[in-house]
Amino acid sequence: MSEIKLEIDGKEITGEEGQSVLEAASENGIKIPTHCYHEKYEPTGSCRLCLVEVRVQGGRPELKAACTYPVQENLVVKTKTKEILKTRRLTAELMLARCPESQAVREIAEEFGVKKPRFSLKNLNCTLCGLCVKACETAKGESAITFAGRGTNRKIIAPFELSPKECEGCGACAAVCPTSAIKMVNIEEE
Ligand code: FES
């Protein structure tokens, strides 16, 4: 695997081809906050909490999700600009508006100084991180749960909102859910 030289927060580091900025940063002790990332699954970049500023040589700075953005030669990354912190704070605020009871989300909100969200959203106890869908796909090869709807109506459901026959009750979705929105229950001794 070839080595790639890049800079994160003024520190010159060496990454590996195929690595994401998040992985390279974490290997070099640079912490970037995450929520929907899980090392077991392909990242989807859905929560946007790991946004960083990236500048490819000669290019303009852009905000990208560190968990999905690949390391590149001479890439310059900043993880804590004013704009980044403002964007992460807003993301944390939206998460808290949707999941006021989730411990994981409360901790994120606290980290970014959000006490009370300015918005009122339907309490779904779900941040739509998509980890449950990934976990189900990985466990079964196809997912018994999926995303549905758009915008504020977006949610995760079983297809047609029926009890999915593909579900074997393996619990992979519940185990990975960061907000504990998915619960396992016993039905007829199963
Ligand atoms: Fe990267 Fe969620 S952790 S977008």
Side-chain angles (χ1 to χ4, degrees), residues 4 6-9 13 15-56 61-72 75-100 102-114 117 119 121 124-138 143 145-152 154-156 172-182:
I4 292 176
L6 66 154
E7 185 189 302
I8 303 185
D9 291 342
I13 66 163
E16 279 173 14
E17 202 186 322
Q19 228 177 12
S20 68
V21 166
L22 178 70
E23 288 165 335
S26 140
E27 265 184 19
N28 285 276
I30 300 164
K31 190 177 177 287
I32 298 172
T34 59
H35 175 69
C36 68
Y37 174 79
H38 191 294
E39 66 277 2
K40 248 174 97 177
Y41 307 114
E42 186 78 14
T44 54
S46 61
C47 78
R48 317 307 283 166
L49 200 64
C50 70
L51 277 192
V52 292
E53 182 193 288
V54 296
R55 189 156 48 82
V56 186
E62 290 178 274
L63 289 188
K64 296 282 180 191
C67 64
T68 52
Y69 200 81
V71 293
Q72 295 167 47
L75 185 71
V76 177
V77 182
K78 289 183 185 166
T79 72
K80 292 186 193 84
T81 65
K82 253 189 172 176
E83 191 189 359
I84 292 167
L85 296 179
K86 201 172 148 195
T87 312
R88 284 189 195 145
R89 192 177 194 281
L90 179 64
T91 303
E93 195 175 354
L94 287 165
M95 278 183 181
L96 188 63
R98 265 187 91 123
C99 309
S102 158
Q103 186 56 28
V105 170
R106 282 190 196 175
E107 282 168 19
I108 291 169
E110 198 181 324
E111 187 180 340
F112 294 100
V114 179
F119 327 102
L121 294 178
L124 291 179
N125 196 26
C126 171
T127 55
L128 300 172
C129 71
L131 280 173
C132 54
V133 178
K134 283 270 163 201
C136 187
E137 256 168 30
T138 308
S143 196
I145 43 180
T146 183
F147 282 100
R150 288 167 177 266
T152 51
R154 194 144 169 86
K155 57 185 174 179
I156 289 178
C173 54
V176 81
C177 175
T179 62
S180 307
I182 304 176

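Order of listing sets the numbers, starting from 1, for every ligand and every atom in it. Residue numbers start at 1 and run along the sequence shown. Predicted model only: the values in this text are computed from it and were never measured.
Only one option out of I182, L131, I156 pairs with C173 in a side-chain contact (heavy atoms from CB on, under 4.5 Å); it is I182.
Under the 4.5 Å side-chain criterion, counting only non-hydrogen atoms from C-beta, Y69 is not in contact with V52. Looking at V176 and K40, their side chains never come closer than 4.5 Å, going by heavy atoms from C-beta outward. Annotation: side chain of T34 is not in contact with side chain of L49 (no heavy-atom distance under 4.5 Å). In this structure, L6 and V76 have side chains that are not in contact, with every pair of non-hydrogen atoms separated by 4.5 Å or more.
The number of protein N/O/S atoms found under 2.8 Å from atom 1 (Fe) of ligand 1 is 2.
For the ring-ring contact (aromatic ring centres under 6.0 Å, His included) test, residues two or more places apart in sequence or in another chain that qualify with Y41 are H38.
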